[in-house]
Amino acid sequence: MKNRQPLSLHIPTPSTRPGDRPDFSHIAIPPAGSTRQPDVLTPGCEMRDMPFGLVRVLDEAGDAVGPWNPRLDPETLQRGLRAMMLTRNFDSRMFQAHRQGKTSFYMTSTGEEALGAAPSMVLEPDDMCFPTYRIVSYLMARDYPLLDMVNQIYSNADDPLKGRQLPVLYSARKYGFYSLSGNLGTRFAHAVGWAMASAYKNDSKIAIAYIGEGTTAEGDFHEALTFANVFRAPVILCITNNQWAISSFQGIAGGEATTFAARALGYGLPGLRVDGNDFLAVHAATQWAAERARSNGGATVIEFVTYRAGGHSTSDDPTRYRPADEAAHWPLGDPIERLKQHLIGLGEWSEERHQALDAELKQAVRTAAKQGEAIGTLGQSKPSPAEMFTDVYKTPDWRILEQRQELGY
Amino acid sequence: MKNRQPLSLHIPTPSTRPGDRPDFSHIAIPPAGSTRQPDVLTPGCEMRDMPFGLVRVLDEAGDAVGPWNPRLDPETLQRGLRAMMLTRNFDSRMFQAHRQGKTSFYMTSTGEEALGAAPSMVLEPDDMCFPTYRIVSYLMARDYPLLDMVNQIYSNADDPLKGRQLPVLYSARKYGFYSLSGNLGTRFAHAVGWAMASAYKNDSKIAIAYIGEGTTAEGDFHEALTFANVFRAPVILCITNNQWAISSFQGIAGGEATTFAARALGYGLPGLRVDGNDFLAVHAATQWAAERARSNGGATVIEFVTYRAGGHSTSDDPTRYRPADEAAHWPLGDPIERLKQHLIGLGEWSEERHQALDAELKQAVRTAAKQGEAIGTLGQSKPSPAEMFTDVYKTPDWRILEQRQELGY
Amino acid sequence: MTTMTMIRAINSALDVMMSRDPDVLVFGEDVGYFGGVFRVTEGLAAKHGPTRCFDTPISEGGIIATAIGMGAYGLRPVAEIQFADYILPAYDQLVSEAARLRYRSGGEFWSPITVRSPYGGGIFGGQTHSASPEALFAHVCGLKTVIPSNPYDAKGLLIAAIEDDDPVIFMEPKRIYNGPFDGRFEQPVSAWARHPSSEVPDGHYVVPLGKAAIVRGGEAITVLAYGTMVHVALAAAAESGADAEIIDLRSIVPLDLDTIVESVRKTRRCVVVHEASRFAGFGAELCALVQERCFYHLEAPIERVCGWDTPYPHAFEWDYFPGPSRVIAAMQRALRGL
Amino acid sequence: MTTMTMIRAINSALDVMMSRDPDVLVFGEDVGYFGGVFRVTEGLAAKHGPTRCFDTPISEGGIIATAIGMGAYGLRPVAEIQFADYILPAYDQLVSEAARLRYRSGGEFWSPITVRSPYGGGIFGGQTHSASPEALFAHVCGLKTVIPSNPYDAKGLLIAAIEDDDPVIFMEPKRIYNGPFDGRFEQPVSAWARHPSSEVPDGHYVVPLGKAAIVRGGEAITVLAYGTMVHVALAAAAESGADAEIIDLRSIVPLDLDTIVESVRKTRRCVVVHEASRFAGFGAELCALVQERCFYHLEAPIERVCGWDTPYPHAFEWDYFPGPSRVIAAMQRALRGL
Ligand SMILES: Cc1ncc(C[n+]2csc(CCOP(=O)(O)OP(=O)(O)O)c2C)c(N)n1
Ligand SMILES: Cc1ncc(C[n+]2csc(CCOP(=O)(O)OP(=O)(O)O)c2C)c(N)n1
Ligand SMILES: [Mg+2]
Ligand SMILES: [Mg+2]
């Protein structure tokens, strides 16, 4: 072919790097209340605009506005606030504990506390959450014992997971919280299978699953959406778009060309794009998707637009790849601060009550941490090494019995 | 939760089964010429309607109409017709050869001959096609030697693939045709990598890849689209929606809720839905996508709507799972017949010339088949078993040398 | 009792379990209305209903992942992967999820799934329809791997697998689906009806996982085999007249080491046979264990007869397939020593 | 010559190859601007430009698939998988595509790709950051698998891998990235600077694939090891005073069988050591080969010291990790015989 022009390889690059002024102008943020709310049983093909809106309830003044306002009572809002504040307090204590050498690893969810807290309050005790490592607020909203968490993080003698898992990779069946793993994405379609099972049994339970925007690039994501579509599984599939995947910005995951909520369109599923730092919006969107699922309407994809305010994990230093003050410029603010202001605006909260609650939670976390430390931190205490050999199979075979004996347990 | 209604599991079911009257009313077919043609460099977000149209050029009367008319000269059309007719003749001969025990396996592409033929004429010799097993018309349009094909199908002493591959899993580098494999979907992202390499080198070559609608459910499909989007790879990603994947209809692959072209939307890519039995439409759509790719505009997804008129393979009996006469009711007709009528309408073809060409091609196929048979059919002739041990690595290690010796070669 | 082929026997196991337990369901590519490309699930959808036996998208990863989710819910899913070659897109799900769920959750969740898949060569399937990937499963703690060699075992082992609360890979030697095949490809095909183990009870019974079968007693040499290769080993023993004890492992995890060790300590010689390619294949583990446990009894090196360390090539089916003559040669080497 | 850690040495290999050959490019998760979670690719994007070292989506299957496509085009891509635990989503691409492309296309296409990945335990990474999956690659004909144990080898082997026209899995023992570790976790960490093989040429050189290194000569027993376990074996020999010959395999495919056989025929005893779990691990193949080739020389069963047949559990790092005391015990058993 004559005169073909040379091609060039496009490498997505974030708008800013360390030293630059933070810039979030690429994120489309329509005003609160401006995105429509379709009926929950609207066919997918009539909601193709939804991935390009942004479900927001709290406006700049802190008032709840628009069709998605879930009209929650103050007590519910206060419970949500509490769960988010507990999460943040716990994170900060455990982050410190890692810095003090008490464990090998920790991950915070600072700025993303609404994403687990609100759905946890929407879903029923017998529903199942298939979380990521940043959805601990789901457990916090259900009063999972802090001490059990601390023991898991310290892998000590009382660790409910028997010393087998990295910190924060919880499992809490009784709280409707599925076993976490370090492999990204692999549980996303488990949620679909679990939901299919509920439908198969003509039960009424539904599932909610989370995946990071970075992880949507895995084949697992596509498999989950494919099965959810084909078998109309009663499941809520949430993408937590916190702008970063360790050091790579959301453009590397495909966010330059369209929204992550738009992934839903290829499967004929509804795709909601939601302000993830707006507790009310998160609650309302989850409620909508839950109702759709419970009415046999099948799956919903939700993109929560949020920001990972901290480092990826205790192993990470985000100032190496993004402006140090980027978090402060995040246009959707802080979910705790916004819900607090809303409650104050309603006359149902005050700075004083806020501070009192914060102190109470700090104390609760402190107590649990101390109790956990008394049992032992990583290396100081651990379950019996015999636990290394149990639960590989329901009943161990000769290999496991011999090896356990060889180790002397 | 009180009064939750029981869920039920949805299992997609085709509208008809053996014994039923064929029914294709679920397939939306707008009139020829009614789907718009955007400029090739239109941003993806301005083409979100395209997956729900249907690019068609040939109308019911056989005339070329509308914005997608590629205005090909008669000679080009005749070459396309020839490639399709050659494919059909070859398929029918080789299908017979299998029934006569001359080989272990064969797959026809009856009804889908336009999908390889037209793109093969659009793409340049140094571009690369990453085919499926049903895209042999791509080679036919490039005059790949029929005898080499026959030898491959018979795995005989002259098999260019040295007896290693199942019939029809060709590789033809010199013809811009990448190595096939029996594993579905695994090469789709190879095309993306190949195209990225061209862009990386500032070359001007582009790639085209094919995948069956059934295979779009594999994670590989998603990975390919993700990388194609993120790195704006100069590649054309074609979904051949022939309604069936062995015995399962396109609803099992996700076709109930939306079109396969709509998968593009989640990646911000253009998604064209094209009448796959209309040679002119296939040509025009491929041309459009090729120009976009060559202009550094990145990837295009194309769904070719077509119908698998034959069985899945020689191992299959489609009358077990679909009405025996379904093919005859396929609303988009036969690609050869339609192009023939168009050429006749143009005054550039006739029944007589058609029959003469058909006889000529039949003879060419017959000659090649006979030549191949003279070399030997499966089991009667094969390359030296020494070939079993070469090409595992560029240079064999002791294992391979020892084993070859053990076998006596 | 009914005379059954492997296919009928496996179908019967599924039917029996679906009838007994509403939590058992069957899915995979083409398994629903059509009944599977090898007809193993024929009639199940019609009998038990479309939600109990259904087609899935072509997505092995999705099939296994959803099966794991169903298992966590409390079902006992039986997933078919159309060919063992195509398990690999689901390999991460099997290794990182199914195999570890019980362990990592401290026993809160587990994965009572069964993954059925036709495997092995002998059918001119070329390199993508002939795989024997058992070593890839055996190395993964948390998985069990079962390989029957006849209709009776196939049904009893499959029922045991479905009832098992751990994930089981159930590999079906497709070459012997419709009749025993001993590697003598020039000879007329024989039918299961003439084989004693084609007499299969119609109802529920179990062949326990982890119990090998001594399919031929002998004193001079032990041959370890599974799947199709059990028949090849029997043919090799018959043809050569060697006084071989042939052990059908039936499951490679759990492995019936006692039966193996007892036999080799008696015969003092051992040949290991499998279709999979040799290097780092499961035969290596058998060699390692036998030399470890029977070192002072062994009189000759343990021999391995396996597929070559190449892909499985279409035209060379019988050059690749480890048939009786290669087993005989190995037995002779082992009997000779040195 | 510069004193380098493993990380520096691997970085240097990439830098040298990117400088010499414009067709070499490097990509993977977080490898671009950030320089990789272990800092192995630090500075490469800045020096060679953003299209030559870049971040990819989190999609191991996509990373390897696109690498294969690039390789078919004519490039020499070097892909990083962030942890060896996460290679499995790409396992099908490696087995069904990279390993077979040359073979199935009759030599028309091939896959000159290198896949780098940190592997192994010893860093409290728990079950999803400690994997040693080498056996899964060794069983796949068409792949090569390389595992360096020190900076000098790491650079020379990686250059050889990149220049190789076949797909190479390059497994980097992450526990020794920054200093040699011999399993004595109670002792202070030592630095590469004090190790002779941290003297690394700045430019291009090659350590050929398929040549083992005898890292310690000895007469009484042969120890076969690779990666971190080379250092553990050395510590075990030093601590026990055993007259052990320690062989660092360096690549397990191709395997330097001659060096192994020669050594075992001399010492008559053998211990195989690896971090991966034992059952059907690569150690089994080593046992099988050694008993096959050295049967009449062996005076005791070949011993295996490996990870247990369980996932790698966080709290039990040192109960799981096969440290020097377990190697010593195995050497003693092998030296004693019976
Ligand atoms: C399969 C797999 N690949 C890679 C990793 C390494 N890894 C851990 S977290 C992470 C980034 C995840 O980003 P994202 O999905 O956006 O989630 P986030 O951390 O932002 O919540 C990576 C690459 C992994 N754990 N698993
Ligand atoms: C990974 C993988 N899974 C399953 C199969 C078995 N198989 C071969 S063809 C086929 C159907 C493919 O359907 P589709 O993608 O629609 O392509 P078509 O045959 O219709 O052109 C299946 C399931 C395979 N070859 N590879
Ligand atoms: Mg993220
Ligand atoms: Mg199809």
Side-chain angles (χ1 to χ4, degrees), chain B residues 128 130 152 159-165 169-174 178-183 185-201 203 205 207 209 218-220 222-224 226-231 233 235 387-388 390-400, chain D residues 22-23 25 27 51-52 54-75 77 89-90 92-93 95-113 141-144 164-167 209-210 251 253-258 289:
Chain B
M128 187 64 75
F130 294 74
Q152 195 280 326
D159 173 4
L161 301 186
K162 308 180 187 173
R164 295 179 192 147
Q165 272 289 36
L169 301 184
Y170 310 112
S171 177
R173 184 172 192 143
K174 276 195 304 203
Y178 189 68
S179 160
L180 275 157
S181 161
N183 301 67
T186 45
R187 279 96 40 225
F188 208 54
H190 295 193
V192 177
W194 195 95
M196 286 171 69
S198 174
Y200 168 86
K201 297 287 283 179
D203 291 344
K205 296 175 230 175
E218 294 281 6
D220 308 73
H222 171 64
E223 295 164 355
T226 299
F227 278 68
N229 164 27
V230 170
F231 299 108
V235 62
E387 292 295 1
M388 185 157 63
T390 52
D391 293 331
V392 181
Y393 297 96
K394 189 175 184 189
T395 314
D397 65 29
W398 57 266
R399 299 174 297 167
I400 297 182
Chain D
D23 290 340
L25 74 173
F27 50 89
T51 65
R52 299 204 57 203
F54 56 85
D55 291 343
T56 61
I58 301 174
S59 170
E60 293 75 17
I63 292 170
I64 302 304
T66 49
I68 294 169
M70 292 178 192
Y73 190 92
L75 305 186
D92 188 40
Q93 281 293 331
V95 176
S96 306
E97 293 295 331
R100 294 207 193 135
L101 186 54
R102 183 191 294 281
Y103 192 78
R104 74 165 192 244
S105 71
E108 282 196 336
F109 297 94
W110 57 94
S111 204
I113 69 171
C141 25
L143 297 181
K144 297 183 176 177
D164 198 281
D165 282 334
D166 288 312
L209 309 186
S251 71
V253 177
L255 181 70
D256 186 352
L257 187 58
D258 290 342
L289 286 169

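Every chain is numbered from 1 and lettered A, B, ... according to where its sequence line falls, protein lines coming before strand lines.
You'll find the side chain of D/Arg102 stays beyond 4.5 Å of the side chain of D/Ser111, heavy atoms only. Residues B/Tyr178 and D/Leu101 meet the side-chain proximity criterion, which asks for heavy atoms closer than 4.5 Å. Residues D/Ile113 and D/Ile68 have side chains in contact (heavy-atom distance under 4.5 Å, counting atoms from C-beta outward). The shortest side-chain heavy-atom distance between B/Ser181 and B/Arg187 falls under the 4.5 Å cut-off. Side-chain contact between D/Arg104 and B/Ser171 is absent, with no heavy-atom pair separated by less than 4.5 Å.
Contact count versus chain B (heavy atoms, under 4.5 Å) is highest, among D/Trp110, D/Phe109, D/Tyr73, D/Phe54, for D/Tyr73. Ranked by heavy-atom pairs shorter than 4.5 Å toward chain B, the options D/Asp23, D/Ile64, D/Asp164 are led by D/Asp23. For the set D/Pro22, D/Gly106, D/Pro167, D/Gly71, the entry with the most heavy-atom pairs within less than 4.5 Å of chain B is D/Gly106. The most heavy-atom pairs under 4.5 Å with chain D, out of B/Gly219, B/Ala207, B/Ala197, B/Ala199, come from B/Ala197.
By the side chain to side chain donor-acceptor pair (under 3.5 Å) test, B/Arg399 is found to be paired with B/Tyr393, B/Asp397, residues two or more places apart in sequence or in another chain being considered. Under the rule for a side chain to side chain donor-acceptor pair (under 3.5 Å), D/Glu60 has no partner lying at least two apart in sequence or in another chain.
If you measure heavy-atom distances from B/Ser198 to chain D, the contacts under 4.5 Å come from both the backbone and the side chain. Proximity to chain D is limited to the side chain of B/Lys162, based on heavy atoms less than 4.5 angstrom apart. Both the backbone and the side chain of D/Leu257 come within less than 4.5 Å of a heavy atom in chain B. Using a 4.5 Å cut-off between heavy atoms, B/Val230 touches chain D through its side chain atoms alone. Of the two parts of B/Leu180, only the backbone, made up of N, CA, C and O, holds a non-hydrogen atom closer than 4.5 Å to a non-hydrogen atom of chain D. At a 4.5 Å heavy-atom cutoff, the contact between D/Leu143 and chain B is made by backbone atoms alone. For B/Asp220, the part lying under 4.5 angstrom from a heavy atom of chain D is the side chain only. In this structure, chain B has heavy atoms under 4.5 Å from both the backbone and the side chain of D/Glu108. Of the atoms belonging to B/Phe231, it is side-chain heavy atoms, and not backbone ones, that fall under 4.5 Å from chain D. Contacts between D/Ala72 and chain B at a heavy-atom distance below 4.5 Å involve backbone atoms as well as side-chain atoms. With a 4.5 Å cut-off on non-hydrogen atoms, D/Leu289 touches chain B through its side chain but not through its backbone.
A salt bridge does not link B/Arg164 with B/Asp159: every distance from a Lys NZ or Arg NE/NH1/NH2 to an Asp or Glu carboxylate oxygen is 4.0 Å or more.
Judged by distance alone, the side chains of B/Thr226 and B/Glu223 never bring a donor and an acceptor atom under 3.5 Å apart.
Distance check: B/Ser179 OG to B/Phe130 CZ gives 10.0 Å after rounding to the nearest 0.5 Å.
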